[in-house]
Amino acid sequence: MNDSTHSGLTVTRFAPSPTGHLHIGGARTALFCWAFAKRTGGKFILRIEDTDLARSSEESARGIMEDLAWLGIEWDEGPVLRHLGGQRPIGGDPRHVGPFFQAQRLALYNQYIESLVRAGRAYPAFETGDDLEVKRKAATAAKKTYRYERPADVQPGVFNEDRWQQACRGDAHVVRFLAPHEQIVVPDQVLGDVKIAPGELDDFVIRKADGMPTYHFAVVIDDELMGVTHVLRAQEHLANTPRHVAMQKALRRTDTGAPFRTPLYGHMPLIFNMDGSKMSKRDKAKIARASLKAAMQKDPSLTPASLAMTLGIDEAALTGFIAADNDALDTAERIARHLKIALPEIEVSDFRGNGYLPGAIVNFLALLGWNPGLKTQDGKDLEKFDAAFIADHFDLARIGKANAKFDRNKLLSFNAEAIGALTAAEFARRWMEWLAEFEPEIHAKASRLSAEQLTILAGALKPRAKTLRDALRPAAFALAGDDEYTFDAAAVEKNLLSADRAGMKLLVEFRGRLDTVEPWTPEAITAAIDAFAKEKGMPNPGGIAQPLRVALTGAGVSPGLGETMAVLGKASSLRRIDRCVQTHGA
RNA sequence: GGCCCCGUCGUCUAGCCUGGUCCAGGACACCACCCUUUCACGGUGGUGACAUGGGUUCGAAUCCCAUCGGGGUCACCA
């Protein structure tokens, strides 16, 4: 630890626990911490809170870092993330305040635990979790507030050597903080000072029986030692904060002897689903379960046993899942794949997999609980901006206090606009990248298109796709082989066969014209269609356009015919028309 | 239940701190119309909110109080 932790530099941190993917709400927290550091010329730290040994994993930590990097939220200090592509690594430890995994900081925590115990501000306690559980339940049953009862031999400010010795001998114990009997004030830049009356805090655990510090303790130690000046986090942490403040007042640094400082807090509004429930990965299990139950009701031949077989999972596990005994993500995902249903996006990786652009997510997230308070030139609220803008304008004073609901429609609209703003070539590049990662089979098919075809296709896809995944549907015609796509019976009947095969006759006639279209561009093709329609005295080109569309794509719906045929190429276009004529008779 | 936080259109919000320019503005969604070769895109217009009740004031979305409503938290999880 060095003096830089005491400089005027603002330091923020995002401190996820590596127990899963990065939640979309966590991404917002990270974004705000990042933005505040950037705005104030400070540092943004990533710290991994892996003190829950049972649930933490390294893969999870890595995944969280990759999701952050994908969003463009890069940490100045923290674990080093090296991209495969050889871009510069993110993270590092220029101030020497690491390591950034809490499990690697045990010695530090223990040192502070002991200092607290010796100062009579903490003490070992020997009750088991079960003992306390009984008391807690009794209190709840009696409609009383449960508070841990401080043992009679524990006195504030007095080192309890007996207990310490007993603990050092190896008796199972936890260490509890000796809560002060005084008012605690949490300095909050969003909510204003939040005051807690004396006696509201009880003696909470700061070191678990397994020797790991609790979240509350580790946070306080690390924030001080890493020089964190501003703690921005979700409001669910507000009720815990008095504990942190109380500890900060009791602690002194073992290196300099200086008292711990209380950082400024900013508790941000929570994000919920539209129905007011928490956004949780359990939502995925809920949807999968409901869909599966509906499917089983519709088709009584589906049994847990047969389903377990087709899904490739254990029958007991599936039965448990259906009964809501477990919310196994893997089961939910298999069910979704089998039933072809979409699971709600909850984690950053979900949005990524479904083809959202990081810029759109960042923009949308920024607006959940914050806004720049600026107007556009025509007087509307400014709400479209990029990360650089946020880094330039972010401001704690403009964080809202009220909880927000996550409106997927609006996100979708933001994403659609972000896609629309891309050039066709840029869209093509991103789409192909996305396909390679998430739809490799389709990527292989799309790779057969020339760069020129792909760009024309991309131009046609852009306005029809709110996400990269959305583009799959309008692109289907171009990815299928000339004799692979199927004809939609209703569309064929309506556009080709009805009215004494009027559409088919026009199609055959127009087919003869196609040879002369030169060059084979969207514009020239469209001109040929228009000219033909005019010549035939049609009120609009629909009379020939629809038969053509059905012949070329099999459906009555597709991108513009000029683009469609240009993407297919002249040879394929003719082949497709011929196949249609053969299939349905001239 | 205790403690704490919050409350403007269905949703995200501007306005609130520094009362009057607000019979409350924007965006998404929705509806209608226009454009149109289908589906989209785009354009124009529209429906739609100050939770309720008391104060204070010449005047309140804005200040105060109460009520109601929503949320968070009360772990050897973070």
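These figures come from a predicted structure and were not determined experimentally. Reminder, nothing fancy here: chain letters follow the sequence lines and each chain counts from 1.
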If the [atom1] atom of [N] is compared with that of [M], how far apart are they to the nearest Å?
{"N": "B:G69", "M": "B:A75", "atom1": "C1'", "result": "29 Å"}
{"N": "B:G19", "M": "B:G2", "atom1": "P", "result": "36 Å"}
{"N": "B:C16", "M": "B:U62", "atom1": "C1'", "result": "4 Å"}
{"N": "B:U73", "M": "B:G10", "atom1": "P", "result": "27 Å"}
{"N": "B:G48", "M": "B:G26", "atom1": "C1'", "result": "14 Å"}
{"N": "B:A40", "M": "B:A24", "atom1": "P", "result": "34 Å"}
{"N": "B:G59", "M": "B:U21", "atom1": "P", "result": "15 Å"}
{"N": "B:C23", "M": "B:C28", "atom1": "C1'", "result": "25 Å"}

Taking the six-membered ring for Trp, are the ring centroids of A:F14 and A:W75 within less than 6.0 Å of each other?
no

With the sugar-phosphate defined as primed atoms, P, OP1 and OP2, and the base as all remaining atoms, what B/S/- string results for [range], 5' to 3', for protein heavy atoms under 4.0 Å?
{"range": "nucleotides 71-78 of chain B", "result": "SSS-SBBB"}
{"range": "nucleotides 60-69 of chain B", "result": "----------"}
{"range": "nucleotides 22-27 of chain B", "result": "---BBB"}

Mind checking what makes salt bridge (Lys or Arg N to Asp or Glu O under 4.0 Å) contact with [X], not counting sequence neighbours?
{"X": "A:E509", "result": "A:K536"}
{"X": "A:R147", "result": "A:E200"}
{"X": "A:E563", "result": "none"}
{"X": "A:D381", "result": "A:K375"}

Per the side chain to side chain donor-acceptor pair (under 3.5 Å) rule, what does the pair list look like for residues 525-535 of chain A, sequence neighbours excluded?
A:R513-A:E535

Here the side chain to side chain donor-acceptor pair (under 3.5 Å) pairs for residues 182-191 of chain A, sequence neighbours left out, are A:D188-A:H267

Minimum side-chain heavy-atom gap [X]-[Y] below 4.5 Å:
{"X": "A:F177", "Y": "A:H216", "answer": "no"}
{"X": "A:M212", "Y": "A:L53", "answer": "yes"}
{"X": "A:R47", "Y": "A:D223", "answer": "yes"}

Distances for protein N/O vs nucleotides 32-37 of chain B N/O pairs under 3.5 angstrom?
residue : atom : partner : partner atom : Å
B:U37   : O4'  : A:G542  : N            : 3.3
B:U37   : O2   : A:R549  : NH2          : 2.1

Across every strand shown, the nucleotide meeting Watson-Crick or G-U wobble geometry with B:U67 (both distances under 3.5 Å) is B:A51

Using a strict threshold of under 4.0 Å (side-chain N to carboxylate O), is an ion pair present between [Y] and [X]?
{"X": "A:D52", "Y": "A:R55", "value": "yes"}
{"X": "A:R136", "Y": "A:E133", "value": "yes"}
{"X": "A:R430", "Y": "A:E426", "value": "yes"}

Tabulate protein N/O versus nucleotide N/O from nucleotides 15-17 of chain B, keeping only pairs under 3.5 Å, one per line.
residue : atom : partner : partner atom : Å
B:G15   : OP1  : A:R398  : NH1          : 3.2
B:G15   : OP1  : A:R398  : NH2          : 3.3

Residues A:Y146 and A:D202: side-chain donor-acceptor under 3.5 angstrom:
no

Output all residues satisfying ring pair (Phe, Tyr, Trp, His ring centres under 6.0 Å) with A:H23, sequence neighbours left out; order by chain, then residue number.
none

On a heavy-atom basis, which atom in A:Y148 and which in A:E127 lie closest, and how many Å separate them?
OH-OE2, 2.8 Å

